[in-house]
Amino acid sequence: MRKHGVIPVLTLWNHLIYSFNASGLVSEVMLLYSEMLACGVLPNIFTVNVLVHSVVKDGNLSFGLELLRSFGAKNIVDTVTYNTLIWGFCEQGLAYQGLGVLSEMVKKGITFDAISCNIIVKGFCRIGFVRYGEWVMDNLTTCGICKDVIGFNILIDGYCKIGDVNYAVELIHRMRSEGIVPDIISYNTLINGFCKKGDFFMAKSLINEILGFRRKKDFKILAGTDNRKEVDNGVVLEPDLITHTTLISAYCKQEALEEALSIYEEMVVNGILPDVVTYSSILNGFCKHGKLAEAKVLMMEMEKMGVDPNHVSYATLMDSIFKTGNSVDASALQSLMIVRGIVFDVVVYTTLMDGLFKAGKSKEAETIFITLLKNKMVPNTTTYSALIDGRCKLGDINGAESALEEMKEKDVVPNVVTYSSIVNCYIRKKMLDEAVNVMRKMVSENILPNEYIYAALIDGYFKAGKEMVALDLYSEMKLIGLKENNFILDSFLNNLKRSGRMWEAEELVKDMMSRGLSLDHVNYTSLMDGYFKEGKESAALTLAQEMTEKNIPFDVVAYNVLINGLLRLGKYDAQSVYARMRELDLSPDIITCNTMINAYCKEGKFEHALHLWDDMKSCGLMPNSITCNILIRGLCKAGEIHKALNVLNEMLSLGFSPTTAIHRFLLDASSRNGRADAILQMHEHLVSMGLELNQAVFNTLITVLCRLGMTRKAVSVLEDMTGRGLSADRVTYNALIHGYCTGSHVDKAFATYSLMIAKGVTPNIVTYNLLLKGLSTSGLMKEADELFALMKEKGLNPNASTYDTLISGHGKIGSNRESVKVYCEMITKGFIPRTSTYNVLIDSFSRVGKMTQAQELLKEMQLRGSLPNSSTYDILISGWCDLSNQSDLDRASKMSCLVEVKNLLLEMNGKQLVPSESTVFSISSTFAKIGKKFDARQFSKGLYKRNIV
């Protein structure tokens, strides 16, 4: 038009400006307005109202106010102009400023109306000042405007949102008393309020009341209702789509899926067709109940009904698919959304990112976040929380902290969930003090930690052995008004269980239950585990019975604890426990199967173990490296090398390679025949199956060979090892030293020790114990004492094995004084000698006739928890017999010796120990010499005869 010199009239300019504004092209609106003025066309009130609306909608309130005052000076404003600006302020949460504009409106003589009032009231309700909003409405109505149903509905919604539903009900009374009839929106708002409170009875009663209006019956739940009057006034209430969808959504959120489906059927029967919101609510219900198949069917049903799933529907289903661990199907759903042109919003991107992080696809998840930013979307708190949680799960604490700073820079406020991820990440890294610092930072930002953050910290400090810090945190938690929950209780139970204080755990449970806390299945499981580990089978089984009586379902973890406990006691066979689990329809997990296979192997039931191995694969439960290790170890211990190799071959087909543990098991089994070729052949076979040749593998081979004294072969393996660029370490040298000592080549053992030091490898206590053992076995106790002194000079503390070796060495060469000296040092250091060490000491006293001292040692060893064996009693009995045979001993003393022999025999019999043949001969000859031939004959025929045959 303008090219032809025709200037559009104001009506056309207004139409263009309005169209651009409606399309969201705010910048174009101002350009058009400038062009219009340039053409000499002046605005009217409609133009001004559209201009003000465009800038206010864009959030530019100061410019909107400037426009209003500028046009106000020219009298080109009206009530709509002011209402538009008031709406802009209220939308930005600036209700008080909006009220200021209203005051200015009154001063300027511009009439305000019910819309002005409702906008202001809604603005105050939006920021939570509902009562002030009601006060404003009451005051404005005194100035001549009439209240309407819209204003009351705004207040009802406001009170429902702040949780005061009962007052919202009172507003319904006021409406009626003031001659305003509630409409379906009033009821839908109330129904939504009651649903959010979880009061479904009142929500359904309101629906019944609506139906009562329709049927003209008196279904009153609100006092003073005159249904007929409302019907007479032409207001006919019908439960609509929103009514039903509100209830359906609420039921689904409360996981009351059956009730939601019942409402759905009811609405369809009444001819109300569900929309995408209704379907999405039911979809969410199915997903929450884990009914993924039903959710997919519902999506197809939506399309058949002509309702296209929206981004919320897809996001809900995608989230559920991700939670099953099926990232492939979730990605396929993402592709379908793209093909169908579904717009991705922040919720969809957040769902995708969170799911990919949880599926272990961190790179793809980070890419989604970058895409979100490229599309100029603003991540919200949930988005950043998912990003931070994903990075924390990967252990990327720096990345998580960086994301936290970024969200603060963008004025996105973190919440307790955001900080929980960071706190838990520090706890997993055992950086507990840093975790506490994060919690303190939360508090400084007015974000209060919840019980779960305290539970995680308390549990972390308990596991770190810092019980006092954990208890301080618990006291702090209670001081700020947080209550104990099942997670807190479980942290305490696990700590007490670890330290063997189950009696304290019992008292704690009683105390918490007296304060209203009910045990959940996790608490019961922890208690059961603790009792089983203390050998209190009865208490553990009582808890299992209590769980059953209270209808607390056993999960797989609880059953694993029960299986482990019962099998550890050895009172139940593995098959019966496993069968009971299947009877209860509990699907065993990998831990269950590993426990069962281990139990079968211990019982020697390898056929059962192999059958379960096959069952696992047929059920889609893939064995892991632990399963393979358990089964191969069991078969190797039983000498079933061929079967172990069969399992290993199957393991290869599942994608596993032989591990260092499997290498050790099979080499140990192959070494039983004492042949080096069998050991080396097995090693080569495992290497051909994909065993990685590393230092640990070579050390195992060298250790096995040296244990059999095959040091030449071991040295050859060492040369191969170093030829591959692998250095000998402490384990290597200790194995060689052990081999040389086993073969009585003490000089070569010390040469290896010198080489070890020369190569910069520091000997440890094991090294010195092996050398001391070699010297002691060879009777070189002077050299052993010198090495012992050198070891101490180097700052190495002797252990029980060191002292046992020295005591035995001195005892065997008859150096009783030195034996006793080392023994006293050992006891002073808090070590308890082995039974074999006590036997050496007792023997050294017995051989010199010091039987009283020997007998005292027997008492002492029993007091210290070392159990005497047959050899202990053989030594003592032979010692008393030898003493009684001394010629210079009088008869009374000899008879006293025989009494000691009889007492020892009775004690030995009570412990079901059997004397050796030499001890039996010594007893018989001793009794016969003293003239106790009858006793000798009785002994020979009697008590031990059946055991000696």
Report yes if the side chains of [X] and [Y] come closer than 4.5 Å at any heavy-atom pair, otherwise no.
X	Y	result
Cys425	Lys429	yes
Pro414	Leu404	yes
Thr278	Met267	yes
Val378	Lys410	no
Pro274	Val268	yes
Ile388	Met407	yes
Cys160	Asn192	no
Val56	Trp87	yes

Keeping [X] on the side-chain end and [Y] on the backbone end, is there a donor-acceptor pair under 3.5 Å?
X	Y	answer
Asn523	Asn486	yes
Ser421	Cys392	no
Asn450	Ile453	yes
Asp58	Asn60	no
Ser262	Glu258	no
Lys408	Val413	no
Asn485	Phe487	yes
Ser320	Thr316	no
Asn495	Ser491	no

Can you name the nearest heavy-atom pair linking [X] to [Y], along with the distance?
X	Y	value
Leu527	Ala505	CD2-CB, 4.3 Å
Leu489	Leu508	CD1-CD2, 3.9 Å
Val130	Cys125	CG1-SG, 3.8 Å
Met318	Met337	CE-SD, 3.6 Å
Thr351	Ala315	CG2-O, 3.5 Å
Ser385	Asn415	OG-OD1, 3.8 Å

Rounded distance (nearest 0.5 Å) linking atom [atom1] of [X] with atom [atom2] of [Y]:
X	Y	atom1	atom2	value
Phe462	Leu457	CZ	CG	12.0 Å
Ile488	Ile458	CD1	CD1	4.0 Å
Leu333	Lys296	CG	NZ	8.5 Å
Leu448	Met439	CG	CE	11.0 Å
Met512	Leu517	CE	CG	6.5 Å
Tyr349	Gln334	OH	CD	8.5 Å

For a quick check under 3.5 Å, do [X] and [Y] share a side-chain donor-acceptor pair by atom type?
X	Y	result
Tyr524	Lys550	yes
Asp308	Tyr279	no
Ser280	Ser313	yes
Ser526	Asp490	yes
Asn624	Thr627	yes

Could [X] and [Y] be called an ion pair, given the rule that one side-chain N must be under 4.0 Å from one carboxylate O?
X	Y	result
Glu303	Arg340	yes
Arg515	Glu484	yes
Glu406	Arg391	no
Asp472	Lys466	no
Arg126	Glu91	yes
Lys358	Glu364	no

Original post:
Does the pair Ser327 and Phe322 meet the rule for a side-chain contact (heavy atoms from CB on, under 4.5 Å), with working shown?
Top reply: CA-CA 6 Å; Ser327 59; Phe322 268 126; 4.0 Å; yes

Check this for me: [X], atom [atom1], are more than 12 non-hydrogen atoms of other residues, nucleotides or ligands nearer than 6.0 Å?
X	atom1	value
Lys57	NZ	yes
Ile242	CD1	no
Lys463	NZ	no
Lys497	NZ	yes

[Y] ring center within less than 6.0 Å of [X] ring center:
X	Y	result
Phe369	Tyr384	yes
Tyr474	Tyr454	no
Phe124	Tyr96	yes

Item to complete: Determine, step by step, whether Glu294 and Leu298 satisfy the side-chain contact (heavy atoms from CB on, under 4.5 Å) criterion, reporting the C-alpha distance in whole Å, the side-chain angles of both residues, the deciding distance to 0.1 Å, and the verdict.
Response: CA-CA 6 Å; Glu294 289 88 339; Leu298 185 67; over 6 Å; no

Tell me, with the steps shown, if Ile321 and Leu292 meet side-chain contact (heavy atoms from CB on, under 4.5 Å).
-> CA-CA 7 Å; Ile321 292 170; Leu292 191 55; 3.9 Å; yes

Carefully, step by step, assess Asn437 and Tyr426 under the rule side-chain hydrogen bond (donor to acceptor under 3.5 Å, both in side chains). CA-CA 10 Å; Asn437 289 339; Tyr426 276 121; over 6 Å; no

Just do the salt bridge (charged side-chain N to carboxylate O under 4.0 Å, His left out) check on Asp164 and Arg131 with the steps written out, would you? CA-CA 11 Å; Asp164 197 351; Arg131 292 203 178 274; 3.4 Å; yes

*Between Leu432 and Ile427, does a side-chain contact (heavy atoms from CB on, under 4.5 Å) hold up when you go through it step by step?*
CA-CA 5 Å; Leu432 298 172; Ile427 291 170; 4.1 Å; yes

Residue pair Glu405, Lys441: steps toward the salt bridge (charged side-chain N to carboxylate O under 4.0 Å, His left out) verdict:
CA-CA 13 Å; Glu405 289 306 312; Lys441 186 179 177 184; 3.7 Å; yes

